[in-house]
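To start, the structure itself, in C-alpha cells.
Reckoned from all heavy atoms, side chains included, excluding hydrogens, waters and symmetry mates. Every chain is numbered from 1 and lettered A, B, ... according to where its sequence line falls, protein lines coming before strand lines.
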Amino acid sequence: MEAFQLLSRGGARFHKQRFKSDVQLFTHAVTKPEKSVNAPVNQDSKLPPELDFFKYAQGGRAKRKAGNTDSSSSSAPCRPDVRNKRRKTNHATEDLDGNGDDGDDAPEDRYKIPHHLMSNLLDNHYKYPTGVQAHGMPILLERRDLAAISPTGTGKTLSYLFPIMSLLEAPISSLKGTEGNGVRAIVLAPTRELAHQIYNECLKLAVKRKWRVVLYSKATASTLRDKNARDKVDIVISTPLRLVASIQEGNLDLNNVRHLVLDEADRLLDSEFLAQVQEVISTCTHPEIQKSVFSATLPAGAEQLAMGILRNPIRIVVGLKDTPLPLISQTVTYVADDASKLPSLLTYFAQPYNPPLLIFTSTQPRATSLAEELTLNGIANVDCLHAGMTKKERDDAVSRMRRGESWVMVSTEVMARGMDFKGVREVINYDFPTSVQSYIHRIGRTGRAGRDGKAVTYFTDEDAPYLKSIANVLLQSGSSVPDWILKLPKPSKLKKKQMGKIKRAETVNAARKIGRNDAIKKRAMIAGSKRRKVKELRAPEELVSQSR
DNA sequence: AAAAAAC
C-alpha cells in the first residue's frame, strides 16, 4: 500500500505540460532520434529512478555500466532515499511471489526480469517509459490486480505485455516445474485487428525465445484441438467470442491461466460483450490469477463492473479519465444535413491535406459508399475497412494502411479503438460519434506517442442534442469551442442517468472517488478559464488510489 | 440512444 504512495509521488507532478513531454519520450529512437536523445526525462517527470525500467534495460544490456545509467538522470542524487523507502514498503505489500527479497534494487533484479525480455525491449528502441508504463508495470510485477486508465497512444499494450512475460519467466517448454499445463496468459480485445496488433507487439518481446504466442482464430483454434499442442501454449490473444466458442466446444481449458488482461475494458464490459467476457473469466479457475483492465475511457458503470472482477485492485489514472490528449487539436464543423456532408468533404479534399487520414462513418454501408464516392471524385488511394468485409479483405486493408499505401481510410467503429497507425495526422468524424467514449477513441487514432494530430467532427441538425457533451470534451482537452454551442441546453435525460449511477455507487469506496472526480470535472466545465488549474489539482488525487 | 463488433 505504501509502496504505491511512492508511485503516486512520482506521478503527482504529472500534469498537462509534463505529460506532453513524457509522452514524447515514448518516441521510438528509430523514427525521431534527435528527440529521444535529448529529452530531459527524469528532470521533467520526476520519475523515481527505480521505476525507470527502460533505462535499466539499456544498462542491463551494457552490463549496467555505472556511468551509463546515471549520466542521463538528473535525479540520481535522490536515489538512495527512494531506494530505502521502496525497500521498506516492499514488506508492507504482501510478498506474493515469495521471493523474499534481495540486495539489489534494479527493477530487473527486484522483479527477476528475464534478460532476453530486457534486451528485446532495448532492441525495439523503447527508451523511456510513459506514465502508464512507469506506474502500471511495477504494480503488475508485484502481482497485484490493476485498473489502468491512460489516454490513447500512451503505450498501454507494453504496460501489460512486459509484466506478463516477465512473470511467466520463460516459455513453458523450457520450464520444468510446477507451472502446470495449458495456457498461462490471456489478453482479450474487442476487435480482430486490435488482437492482431497486440499479437505483433507480443512477438517483438518474444524474439530469441521459444514463446508460443497464439493469435486465436478459427484456424489456430483447430490446430489446438489436440491437448498436447494446447499445453505448450504460453499466451493467447483473442476476441472474446472466439474464445467462448472454443470453451463451449470443450477444446480449450483455461484452468492454468495466471494472467488475464481486458484491453479496451469498457468496450469489453458493455452489454454485448459482457456475458462472453464473464464466461471467459469464470473458466479461468486458477486461484492465483492476476487480472487487469486497461482503457483510455472507463465510464462509472464499466468501472464498477471492472472493480467487481478484480481482486483488491490498484487503480491508476494517467492524465484525465475520459479526456483526449491536448496534443490533438479538435474542431467541430456544421454541415446542416447528411446531403451536405459529401460536398463539404470534397471541398476539404480540394485543399492540400496530410495523408494518411482516417474517416469514421456510422454504418458499414455508409463506409463502403463514401469510399466509392471519394474514389469516383478522383481522390487517390482510398480504402475501406469494416467488419462486414471478409477476414482477408480486412487484413489486406490493414496491411495497406501499415505500408502507407492507403491515403484515405474510411472505416466504422471497428477501427475506433486501439489501432496504432503511426502516421495518421488527422481524423475526420464524417458521422457524429454515438458516445463520448467513441469520440475519444476515434480521435485517439491520431496524436499517438507524443506526435500531434488533428480531429474534425461534422455535425448536422440531428446531432445537435449530443453536440454539447462532445463540446465539453473539447474544452476539457484544451481545444476551443464556439460560444453558442456551450449555450446549448443540456442533454438532460443523459445527465440525470449518469447522476443516478453516481449516487448509487456512493456506497462503495471505489465509486466515491468517481463521484468526486465527476464533481470536479463539472466544476471545471463551469470554471471556464480556470479549467486548467483545476485539472492540475485533480491529477495527483486521481493518479493512484486504492479500491475496495 | 444506437450502431458495430464478437463466431
Side-chain angles (χ1 to χ4, degrees), chain A residues 186-198 215-222 224-225 236-252 262-281 295 297 299 301-302 338 358-370 384-395 397-398 410-419 429-442 445 459-460 462-470 490-498 500-501:
Chain A
I186 290 181
V187 179
L188 288 183
T191 65
R192 281 188 209 155
E193 282 76 13
L194 182 53
H196 201 302
Q197 181 179 288
I198 295 165
L215 175 59
Y216 216 63
S217 66
K218 261 213 175 90
T220 50
S222 73
L224 295 181
R225 292 241 175 80
V236 162
I237 324 277
S238 180
T239 52
L241 196 53
R242 180 58 262 178
L243 222 50
V244 168
S246 286
I247 292 169
Q248 288 174 352
E249 289 161 11
N251 288 326
L252 187 64
L262 307 185
D263 201 349
E264 306 297 346
D266 53 337
R267 180 73 185 89
L268 291 179
L269 294 172
D270 80 16
S271 53
E272 300 89 333
F273 274 120
L274 183 59
Q276 300 163 25
V277 172
Q278 277 170 336
E279 173 146 11
V280 172
I281 291 169
S295 186
T297 55
D338 195 54
L358 205 48
I359 301 179
F360 284 100
T361 64
S362 59
T363 67
Q364 296 178 3
R366 284 177 66 79
T368 310
S369 66
L370 179 59
C384 179
L385 176 43
H386 59 69
M389 295 160 50
T390 65
K391 189 177 181 331
K392 188 183 183 313
E393 287 170 335
R394 288 168 70 167
D395 288 346
V398 171
V410 185
S411 182
T412 60
E413 212 57 25
V414 72
M415 285 288 98
R417 282 174 177 260
M419 295 310 293
N429 285 317
Y430 187 78
D431 292 331
F432 206 74
T434 53
S435 70
V436 167
Q437 285 74 28
S438 161
Y439 176 76
I440 291 167
H441 286 278
R442 281 179 176 191
R445 297 317 97 212
F459 70 95
T460 64
E462 285 180 6
D463 302 320
Y466 311 102
L467 183 57
K468 193 166 181 180
S469 55
I470 301 295
K490 286 177 200 164
S492 55
K493 265 181 261 165
L494 213 81
K495 264 258 145 70
K496 260 182 211 158
K497 213 175 167 188
Q498 275 174 0
K501 266 184 200 162

Atom-to-atom span, CZ of A/F360 to C1' of B/dA3 - whole angstrom: 14 Å
Presence of A/R192 side-chain N/O under 4.0 Å of B/dC7 phosphate oxygens OP1/OP2: yes
Between P of B/dA4 and CG of A/D266, the distance in whole Å: 19 Å
Name each donor-acceptor pair under 3.5 Å that joins a side chain in residues 241-248 of chain A to protein atoms two or more places apart or in another chain, with its distance.
from   : atom 1 : to     : atom 2 : distance (Å)
A/R242 : NH2    : A/S246 : OG     : 3.3
A/S246 : OG     : A/Y216 : OH     : 2.9
A/Q248 : NE2    : A/E279 : OE1    : 3.3

Whole-Å distance separating the CG atom of A/L268 from the P atom of B/dA4: 19 Å
Under the salt bridge (Lys or Arg N to Asp or Glu O under 4.0 Å) test, residues paired with A/R442 that sit two or more places apart: A/E413
Sugar-phosphate only, base, or nothing, as touched by A/P240 at under 4.0 Å among non-hydrogen atoms: nothing
Donor/acceptor link under 3.5 angstrom from A/Q364 side chain onto base of B/dA3: no
Heavy-atom pair of closest approach, residues A/F273 and A/P240: CD2-CG, 3.7 Å
Phosphate OP1/OP2 of B/dC7: any A/T239 side-chain N/O under 4.0 Å: yes
Whole-Å distance separating the CZ atom of A/F273 from the C1' atom of B/dA3: 13 Å
Nearest-angstrom distance from the residue atom NZ of A/K391 to P of B/dA6: 10 Å
Presence of donor-acceptor pair under 3.5 Å, side chain of A/R366 and base of B/dA3: no
Any A/R394 side-chain nitrogen or oxygen under 4.0 Å from OP1 or OP2 of B/dA6: yes
Check ion pair A/R267-A/D270 (N to O, under 4.0 angstrom): yes
Separation of B/dA2 P from A/Q437 CD (nearest whole Å): 17 Å
Side-chain N,O (A/S435) to OP1/OP2 (B/dA2) below 4.0 Å: no
Residue A/T363, side-chain heavy atoms: nucleotide from B/dA5, B/dC7, B/dA3 that is nearest: B/dA3
